[in-house]
Amino acid sequence: MSRALAKEVPQEEGEGGSRRSSWGLLAAAGLGGTLVALYAVATPFVTPALRKVCLPFVPATAAQIQNVLKMLENRSGSLVDIGSGDGRIVIAAAKKGFQAVGYELNPWLVWYSRYRAWRDGVHQNTKFHISDLWKVSFSHYRNVVVFGVPQMMPQLEKKLEEELKCNARIIACRFPFPCWIPDHTTGEGIDTVWVYDLKSSRGCETKSLEITPETQS
């Protein structure tokens with residue numbers, strides 16, 4: 001009897017070890033799948049959303065949103081947020097009555113923005129496009145909000161100068177444009193916003209006055 005038991009014990013231990021090994025493989029596979037899923041979901045939120053320059057997704061603070069809205073007081077017309085991220089600026093502007101549009105290259109952020117707009121009841125006044133800002137014309141917008149980085153500001157300044165009309169207002173957050181002189185500034189530190197009215201920088205009113213005498217003659 002003792003010899004039989006002695007022979008069975010190693011066999012039972014071997015079967016138990018096999019089961020533990022199987023459970024270990026299943027647990028490792030489950031953990032690996034979970035990590036892959038988390039990586040797939042999280043990566044678009046932390047990698048650059050605009051590929052031409054490194055522009056990581058950094059959500060706007062509550063103070064930044066309030067500063068932007070303050071600089072939009074007494075303004076009307078269409079509004080665009082360049083690099084709209086999770087859509088919070090677009091949604092806040094829509095709640096103030098703007099027809100607001102966001103352009104964002106990251107599809108996960110765009111889908112999330114659409115969900116937030118629907119959740120907040122402003123989806124009819126908002127649109128979010130998956131698009132590279134360098135391939136979009138902003139010529140029909142009167143109000144432009146930009147969350148940029150220093151590397152992109154010179155080229156974006158040139159692009160907006162060429163495309164926007166004289167009645168446009170550009171609001172830059174976190175970093176100013178290199179050549180334009182701001183007409184207004186509000187906020188402190190990372191919450192600072194700089195406001196540029198193209199009518200002032202281009203001298204549109206002066207040009208129109210100079211043309212008037214020639215037209216009358």
Provide the closest heavy-atom pair for [X] versus [Y] in the form atom of the first, atom of the second, distance.
| X | Y | answer |
| --- | --- | --- |
| Thr126 | Ala117 | OG1-CB, 3.4 Å |
| Pro176 | Ala172 | CA-CB, 4.5 Å |
| Gln155 | Trp134 | CG-CZ3, 3.6 Å |
| Ala100 | Ala93 | CB-CB, 4.2 Å |
| Ser113 | Gly87 | OG-N, 3.2 Å |
| Ala168 | Arg75 | C-NH2, 4.0 Å |

Listed by chain and number, what are the side-chain contact (heavy atoms from CB on, under 4.5 Å) partners of Ala62, not counting sequence neighbours?
->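 So Ala62 forms no side-chain contact (heavy atoms from CB on, under 4.5 Å) with any residue.
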Under the side-chain contact (heavy atoms from CB on, under 4.5 Å) test, which residues partner Asn125, sequence neighbours left out?
->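 Residues passing side-chain contact (heavy atoms from CB on, under 4.5 Å) with Asn125: Ala94, Gln99.
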Give every residue pair that meets the salt bridge (Lys or Arg N to Asp or Glu O under 4.0 Å) criterion with at least one member in residues 112-123, sequence neighbours excluded.
-> Asp86-Arg116, Lys95-Asp120
Salt bridge (Lys or Arg N to Asp or Glu O under 4.0 Å) pairs, two or more places apart, involving residues 145-159 |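 Those involving residues 145-159 are Lys159-Glu163.
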Please name all residues satisfying side chain to side chain donor-acceptor pair (under 3.5 Å) with Ser139, sequence neighbours left out, ordered by chain then number.
-> Ser137
Output yes when a side-chain donor or acceptor of Asn67 lies under 3.5 Å from a complementary backbone atom of Val193, and no otherwise.
->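 Absent.
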Between Arg88 (side chain) and Ala60 (backbone), is there a donor-acceptor pair under 3.5 Å?
->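 Judged by distance alone, yes, a pair lies under 3.5 Å.
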Less than 3.5 Å apart, which donor and acceptor atoms pair up between the side chains of residues 76-83 and the rest of the protein, not counting sequence neighbours?
from, atom 1, to, atom 2, distance (Å)
Ser76, OG, Arg142, NH1, 3.4
Ser78, OG, His140, O, 3.1

Does [X] have any ring-ring contact (aromatic ring centres under 6.0 Å, His included) partners at least two apart in sequence or in another chain, and if so, which?
| X | value |
| --- | --- |
| His184 | none |
| Tyr141 | none |
| Phe177 | Trp180, Tyr196 |

Rest of the hydrophobic cluster containing Val90 (Ile/Leu/Val/Met/Phe/Trp/Tyr, side-chain heavy atoms under 4.5 Å)?
->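 Ile91, Val110, Trp111, Val122, Phe128, Ile130, listed by chain and number.
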Do Ile190 and Val195 share a hydrophobic cluster, counting only Ile, Leu, Val, Met, Phe, Trp and Tyr and linking them when any side-chain heavy atoms are less than 4.5 Å apart?
-> no
Taking the side chain as everything from C-beta on, heavy atoms only, tell me whether [X] gets closer than 4.5 Å to [Y].
| X | Y | answer |
| --- | --- | --- |
| Tyr103 | Asp132 | no |
| Ile171 | Asn143 | no |
| Glu161 | Leu198 | yes |
| Val136 | His129 | no |
| Val145 | Cys173 | yes |

Between atom [atom1] of [X] and atom [atom2] of [Y], what is the distance when rounded to the nearest 0.5 Å?
| X | Y | atom1 | atom2 | value |
| --- | --- | --- | --- | --- |
| Tyr112 | Glu104 | OH | CD | 13.5 Å |
| Thr186 | Asp191 | OG1 | CG | 10.0 Å |
| Met71 | Arg169 | CE | CZ | 7.0 Å |

